[in-house]
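Worksheet: the structure to be examined is printed underneath.
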Amino acid sequence: MGLAIDRERFDPGDYRRFEQRLEDCLVALERLLERPGFGTGPATVGAELELFLVDGQGRALPLNQVVRAETADPRVVLEIDRFNLELNLTPAPLIGRPFAAFASELDQALGIVRRAAAWHGGRIAMVGILPTLRPEDLQLAAISDAARYQALNNGLRRLRQEPFRIRIDGDDPLELAADDVGLEGANTSFQLHLRVDPDRFASYFNAAQLATAPVLAVAGNSPTFLGHRLWQETRVALFKQAVDDRDATGRSSRRVSRVAFGTGWNTTGAYELLEESVRLHEPVLPVLGPERPLDQLDAGGVPALDELRLHQSTVWRWNRAIYDPAEGGHVRIELRALPAGPTVADMCANAAFALGLTLALAADADTWVPRVAFQQAHHNFYRAAQLGLRAELAWPLGAGGRVVTIPADQLIQRLLPAAHQGLEDAGVLPEEVDELLAVIEARAAAGQTGAVWQRRTLAALEPQLGREQGLAAMLERYLELQGTNVPVHTWPVPGRR
């Protein structure tokens, strides 16, 4: 996110100056993208993993600052709630064995955090939503003691002017309200970054948008929240509502939420998406950087565009355009829909499927984009989050590319060869592709995602233990199996053979 933030509140003048600087950033970005050769180069991939800290009983452990300090590792950073941390992996070339590099670095970094947490009676949990969370874990005191997150909370509350209301359907429908954004910390994810050439950005971004639904359907890992059985990927519904800055008028007018799938197919590239974020969403962190972007551009340099990057960090599209001044400047796509966990092996397999399918779809985006209505992709995404492998998804599989509806588990099996080809064409070694996509194939065939395993295990334990203790016992089994790094589709369920 770039800029350091050392204030928690701002005045109207701060917002006016920030808005003007955003306009300068957009002008600079548009000119920069026209610079010959800007942002071109080999494709690279990166990732971020968000974690929960838990105590010996599996309850949220609000000690992220001391655990982070204990690690003394710059890859480990605070997240919004005091029981959250994030690991930032080193970007790697897509060619070769990028997912093996992810796995190796994750194992090493997770080991550092585990040891640091253990010094304070803690453990780590990689799961989309911690099953043992209680309402008292998510109040204002839960927000990390860092100016950035306190300011973010104040900024969103300034716009909202009323409680944040959560309403999620499911087997046990949930309704609650909160006066702050602490509920957002209930969500953790495994976010992927794909650097692409600016002139192909639209094709790759649209491909990521279409690819997200089947990938999410086979990757769900957030089936409960506060003891309620909800969506297969409840994160999607919870995150949107937990930081929704729209007041009643904004919601009734269907103004776009800060957390959204998008508004249509991308037509011109990264600038279109970054400008949309500025036009549709008011600033919440109006902090100015030291640089005047147009002066830097006129001097032949690559501007940091600190203000634009900061603003974009508060607009949470499920696939998001990113500008980065590093390495001469580039643009990339951040894929944000995947949950954390269940294992490193599962997350690497999810990453391979997501990136492989995106690469394959980008190759002929000009063919399918006119045939697939954006609303169909939008609908796919939310059905996949809600129903997982039981979702019915629209896909251009019919004669002449006609869109048909097909169960997600069947669609995934049909898409795996394309994902395989997309990765191989990008230079990923075939043996790595085979190993990772075999995990996705087996998971879809078995019908057991992380979410399904959690629900099945809870159903087996709850009759003897009750809901609360059943969730706690389920989490203990989950953490034990997570430590084996065996893919979730092979995990045993009590009482099932």
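Keep in mind it's a predicted model, so treat the numbers as computed, not measured. Hydrogens, waters and symmetry mates play no part in the numbers below; they use all other heavy atoms, side chains included.
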Which atom names give the shortest non-hydrogen contact between Asn221 and Glu233, and what distance separates them?
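Shortest heavy-atom separation between Asn221 and Glu233 comes out as N-OE1, 2.7 Å.
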Would you say [X] and [Y] make side-chain contact, with heavy atoms under 4.5 Å?
{"X": "Phe164", "Y": "Arg157", "value": "yes"}
{"X": "Leu110", "Y": "Met126", "value": "yes"}
{"X": "Leu226", "Y": "Leu138", "value": "yes"}
{"X": "Val331", "Y": "Ile322", "value": "no"}
{"X": "Thr405", "Y": "Trp395", "value": "no"}
{"X": "Leu106", "Y": "Phe190", "value": "yes"}
{"X": "Thr314", "Y": "His311", "value": "yes"}
{"X": "Val284", "Y": "Arg258", "value": "yes"}

Would you say the side-chain atoms of [X] and [Y] include a donor-acceptor pair closer than 3.5 Å?
{"X": "Thr212", "Y": "Asn319", "value": "yes"}
{"X": "Gln482", "Y": "Thr343", "value": "no"}
{"X": "Gln191", "Y": "Glu50", "value": "yes"}
{"X": "Asn153", "Y": "Arg158", "value": "no"}
{"X": "Gln448", "Y": "Arg456", "value": "yes"}
{"X": "Arg75", "Y": "Gln108", "value": "yes"}
{"X": "Gln161", "Y": "Asp247", "value": "no"}
{"X": "Ser222", "Y": "Gln232", "value": "no"}
{"X": "His281", "Y": "Glu276", "value": "no"}
{"X": "Ser277", "Y": "Gln312", "value": "yes"}

Between Trp491 and Tyr478, is a ring pair (Phe, Tyr, Trp, His ring centres under 6.0 Å) present by the stated rule, with each step listed?
CA-CA 9 Å; Trp491 289 10; Tyr478 179 98; 5.4 Å; yes
Could you tell me how the ring of Phe102 sits relative to the ring of Phe99: parallel (under 30°), tilted (30 to 60°) or perpendicular (over 60°)?
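Answer is perpendicular, since the angle exceeds 60°.
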Please determine whether the number of non-hydrogen atoms from other residues, nucleotides or ligands lying under 6.0 Å from atom CZ of Arg167 exceeds 12.
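Count not over threshold, so no.
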Check whether more than 12 heavy atoms from other residues, nucleotides or ligands sit under 6.0 Å from atom CD of Glu480, and answer yes or no.
no
When rounded to the nearest 0.5 angstrom, what is the spacing between CG in Asn187 and OG1 in Thr234?
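Going from the CG atom of Asn187 to the OG1 atom of Thr234 covers 9.0 Å.
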Before you tell me yes or no, could you show the steps for Phe239 and Trp318 under ring pair (Phe, Tyr, Trp, His ring centres under 6.0 Å), namely the whole-Å CA-CA distance, both residues' side-chain angles and the distance that decides it to 0.1 Å?
CA-CA 10 Å; Phe239 187 22; Trp318 290 107; 5.7 Å; yes
Could you tell me whether the side chain of [X] and the main chain of [Y] form a donor-acceptor pair under 3.5 Å?
{"X": "Asp245", "Y": "Arg160", "answer": "no"}
{"X": "Arg68", "Y": "Leu85", "answer": "no"}
{"X": "Arg9", "Y": "Ala151", "answer": "no"}
{"X": "Thr188", "Y": "Ala340", "answer": "no"}

Go through the steps for Val67 and Asn64 under the test side chain to side chain contact (heavy atoms under 4.5 Å, CB included), then give the verdict.
CA-CA 5 Å; Val67 172; Asn64 62 356; 5.8 Å; no
Could you go through the salt bridge (Lys or Arg N to Asp or Glu O under 4.0 Å) check for Arg467 and Asp172 one step at a time?
CA-CA 12 Å; Arg467 177 65 56 85; Asp172 312 308; 3.2 Å; yes
Go through the steps for Arg7 and Asn154 under the test side chain to side chain donor-acceptor pair (under 3.5 Å), then give the verdict.
CA-CA 11 Å; Arg7 295 171 56 192; Asn154 293 334; over 6 Å; no
